[in-house]
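What follows is one structure encoded as structure tokens, with my remarks underneath.
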Amino acid sequence: MKYLAIALFLMPTSIYSLSEAAPLFLEPLLKEDLPLKSLLKAPVKLENSAKAFELTAASRLIETIPGVKTEFWTYNQGLPGPIIEVEEGDRIQVKLINQINKVTTLHWHGVNVPPDQDGNPMDPVKPQQSHNYKFSIPLGSAGTYWYHPHTHQGASEQIFRGMNGLFIVRDPKDPLRNLPEKNLFITDLKIDDAGQIPANNNIDWMDGREGNYVLINGQNKPVIDIGPNETQRWRLINATNARFLRFAITDHSLIQVGTDGGLLEFPRADLTEIILAPAERIELLVQGNAQKSGHFDIQMLPYMRGKMAGKEQAQAIKIATLNYNPSIKSTDFSLPKRLRTIEPLGTPTATKKIIFQEKIKMKNGIHAMEFLINGQGYDMMRVDARSKAGEVELWEVSNQSDMDHPFHMHGAQFQVIEKEHLGKVEKLSYLAWKDTFNLKSGETIRLKVKQDFKGIRMYHCHIAEHEDSGMMATLEVY
Ligand code: C2O
Ligand code: CU
Ligand code: CU
């Protein structure tokens, strides 16, 4: 019934007449202290009983500081791209129209889609061409994901110029479905003195690029309203190339309810801070329950990640304001004890050992870094590991380098069992679905994973510059 109604409503119109056309930027992008905007949703129509979306990658000039227009690469003219929102079990298709002057792909970070629909580097979409990605949303996969390009050696640039967006999978029986929701899609913007987005320099290539503005939903230090005593559900997405977000709100504790692959089994309450490595997502409950009312800083606390070239973040950076708004009525909320059941993956019957390494090399008379997995840089023509579809495997991933590197795998959510550092093993205290997990220098993690689809998958460091410099490898699932 619902679909029929949507279909009738949409039938005579094109996808664009329904959309808000190009999103408007009424104020210069970097203007601070404006109310947080919600992200636009990508318009949907039904095509052969699949939910059909369209994303056009194209450049757009946006006023960033008064009088200065900056060129971004956008999806549907937005910054970030529109939310693609679907339900478990949906069949969907997304038509990518490439109007930028580079080859691109669309990768569905964290969603279990067939390999040939996952925007792998070997499936590029050329300029002025389009591609229709088609896949189904697995049951049990409700959660917070994102989409971004995954071209060979071009992903980092396309992401930092603005090409990324939120992908939400909903479960109609989600136990937290009645809570008001906010999305905080976090990106990083670097603009130079001329107000333009510069190419990566050597420091960016080594450390991973950090900009001079951390944006939330494309806004600079926005104000987020909450009612006194209100409980809100926040989805945090770290879509930056290389920022480690040690997230905290002054005078507030946080309740974590979800990770990359959806809800946890049990909420984790009373957290004073939470860290998101590049590409990680977290779901939080934020409550307007501080002793005083007024404004609170939403901060990114200092984090040392073993940078090779640039300065570490030594001080807390304010990225937004939490504002108590007494006109927001709050409804009663009691935190469920259990959010869902996560079945532990069974006993592994195969193993993999993955080692992250950095090496210094000389290139045109200057020192440059090589980022390697098991001693090799990424080669599209090579298969680095093979897994059998449906088999539970134990992966041991070690970081034998000086920097933090977030490990990411395509095609599956995994379960991290334990971490090891200097011979000390620490079991993880809770079960969660993850597709990205940070490794500090010298750390080893052990995780269980099972791939469902046959085909080619990638695994890599999700500092986008490291991925582009070779810290990526190919898994063939057979
Ligand atoms: Cu978020 Cu291989 O990607
Ligand atoms: Cu991915
Ligand atoms: Cu890395």
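Just follow the structure's listing: the first ligand is 1, and inside any ligand the first atom is 1.
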**OP:** Answer yes or no: is there a side-chain heavy-atom contact under 4.5 Å between Leu79 and Leu29?
**Re:** yes
Original post:
Any side-chain heavy atom of Asp260 within less than 4.5 Å of one from His408?
Top reply: no
Original post:
Relative to the Cu ion (ligand 3), which of the N, O or S atoms in His405 is the closest?
Top reply: ND1
**OP:** Could you go through the ring pair (Phe, Tyr, Trp, His ring centres under 6.0 Å) check for Trp146 and His462 one step at a time?
**Re:** CA-CA 13 Å; Trp146 61 302; His462 217 295; 5.8 Å; yes
**OP:** Please check if the distance between the ring centroids of Tyr378 and His152 is under 6.0 Å.
**Re:** yes
Original post:
For the ring pair Tyr147 and Tyr75, is the centre-to-centre distance below 6.0 Å?
Top reply: yes
Original post:
Which ring-ring contact (aromatic ring centres under 6.0 Å, His included) pairs, counting each pair once, include a residue from residues 113-140, with sequence neighbours left out?
Top reply: Trp108-Tyr133, Trp108-Phe135, His131-Tyr133
Original post:
Residues two or more places apart in sequence or in another chain: which of them pass ring-ring contact (aromatic ring centres under 6.0 Å, His included) with Tyr303?
Top reply: Phe244
**OP:** Compute the ring centroids of His460 and His410, then answer whether they are less than 6.0 Å apart.
**Re:** yes
Original post:
Judged by atom type as modelled, is there a donor-acceptor pair below 3.5 Å linking the side chain of Glu312 to the main-chain atoms of Gly306?
Top reply: yes
**OP:** Check atom 2 (Cu) of ligand 1 and write out every protein N, O or S atom at under 2.8 Å, as residue and atom.
**Re:** His150 NE2, His410 NE2, His460 NE2
Subject >> Protein N/O/S neighbour count - the Cu ion (ligand 2), strictly under 2.8 Å >> reply: 2
Subject >> N, O or S atom within His466 nearest to the Cu ion (ligand 3), by name >> reply: ND1
Subject >> Side-chain H-bond candidate by donor/acceptor type, Glu393 with Ser387, under 3.5 Å >> reply: yes
